[in-house]
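Contents: one structure, followed by commentary.
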Amino acid sequence: MKFLFVDLWPWWLAGIIIGLLVPLMYYFFNTALGVSTGYGNLLKIAFPKIKLKWLNTDTFKNKSNWRFLFIIGMIIGGFISARVSGMPFINTGMGLFTQKLNWSYVIYIIWFFVGGALLGFGARLANGCTSGHCIHGLATLQKSSLAATVFFLLFGVIGTFFVKLLVLAGA
Amino acid sequence: MLKKIGYLAAGIIFGFALSRSGASQYDFIYNMFTGVNLKLAFLMATAIVVGAIGMLILKALGNKDIKGTQIKISKKPFNKFTVIGGMVFGLGWAVSGACPGTVLAQIGEGKILSLPTFFGMIFGTYIYALVAEKNNIND
């Protein structure tokens, strides 16, 4: 059981399980695997009276629909994983980013907020994120997802190159 | 009710798998983008192949869901915003060391700095809604 609950899974095991979610989501719920649209649900739950027309399309008619429950499930999944593997309840670091830098928390918060804003805005412009485009979209052989995946990865590499060069190297 | 538990369970499986494989770690993503360790890329490639095989099996069985309804594959539009959004998203991936799915697993793991990423994502979604108000983007 240590293999499943304490050690990190080999990449192929997680790949198989996540890959299976694509047909399973279609089979059981007749819906495409995807996470980022659900952030629209969260926005609407936080600001129910929001008037913007995109947030009042049919997609968000029921703001606590499957996308919302799926998001809550993912948080619970992370929580269960942390408990069974013995991670601390609270972790104030973010890998080698916080290990190498000695910034104040205010700057960290701004940094990650900006990163999140780019993710949220970019995912909506591109109409999907890593799960919706890279996994679901490529598994269903969509041209749009191939283009999105290429640019996700290309700009991930370029972005990380500059983060390494300009931010982490000086630390 | 059963369906709601199903949605929740699917999310739990996804979040658990992301966390147990290390995909929700900053270093995992950083190491993929610097070419040091490509485990995450292999993980994604495996998921795509398994997903594609699963979709072929569903197709061979008549493309019906559990209730017998025809499965409707969600078609994603392809236009210039796919490329622009892809670039913006890629930069966000590099800056935050997370994606919209792994940040949720990070919250569950108790990583405090996942919260600004999470709220940033909601803010970015709001900015999209503002931009979409005056421009025809994907509809």
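All values reported here derive from a predicted model rather than from experimental measurement.
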Work out which heavy atom in B:P100 is nearest to a heavy atom in A:Y39; give both atom names and the distance.
O-OH, 2.9 Å

Side chain / backbone / both / neither for B:L61 at chain A, heavy atoms under 4.5 Å:
neither

Do B:F123 and A:F113 have ring centroids that are under 6.0 Å from one another?
yes

Main-chain N/O of A:N91 paired with B:K111 side-chain donor or acceptor, under 3.5 Å
no

Determine, using ring centers only, whether A:W9 and B:F16 are less than 6.0 Å apart.
yes

Got a second to check how far A:L125's CG is from B:F89's CZ, nearest 0.5 Å?
12.0 Å

May I ask you to decide if B:K72's main-chain N or O and A:N30's side chain share a donor-acceptor pair within less than 3.5 Å?
yes

If one checks every heavy atom of B:Q25 against chain A at 4.5 Å, the contacting part turns out to be side chain

When rounded to the nearest 0.5 angstrom, what distance separates CD1 in A:I50 from OH in B:Y126?
5.5 Å

Check: A:V6 main-chain N/O paired with B:R20 side-chain donor or acceptor under 3.5 Å
yes

Does A:Y26 offer a backbone N or O that forms a donor-acceptor pair with the side chain of B:D65 under 3.5 Å?
no

Side chain, backbone, both or neither: which part of B:S24 has a non-hydrogen atom closer than 4.5 Å to chain A?
neither

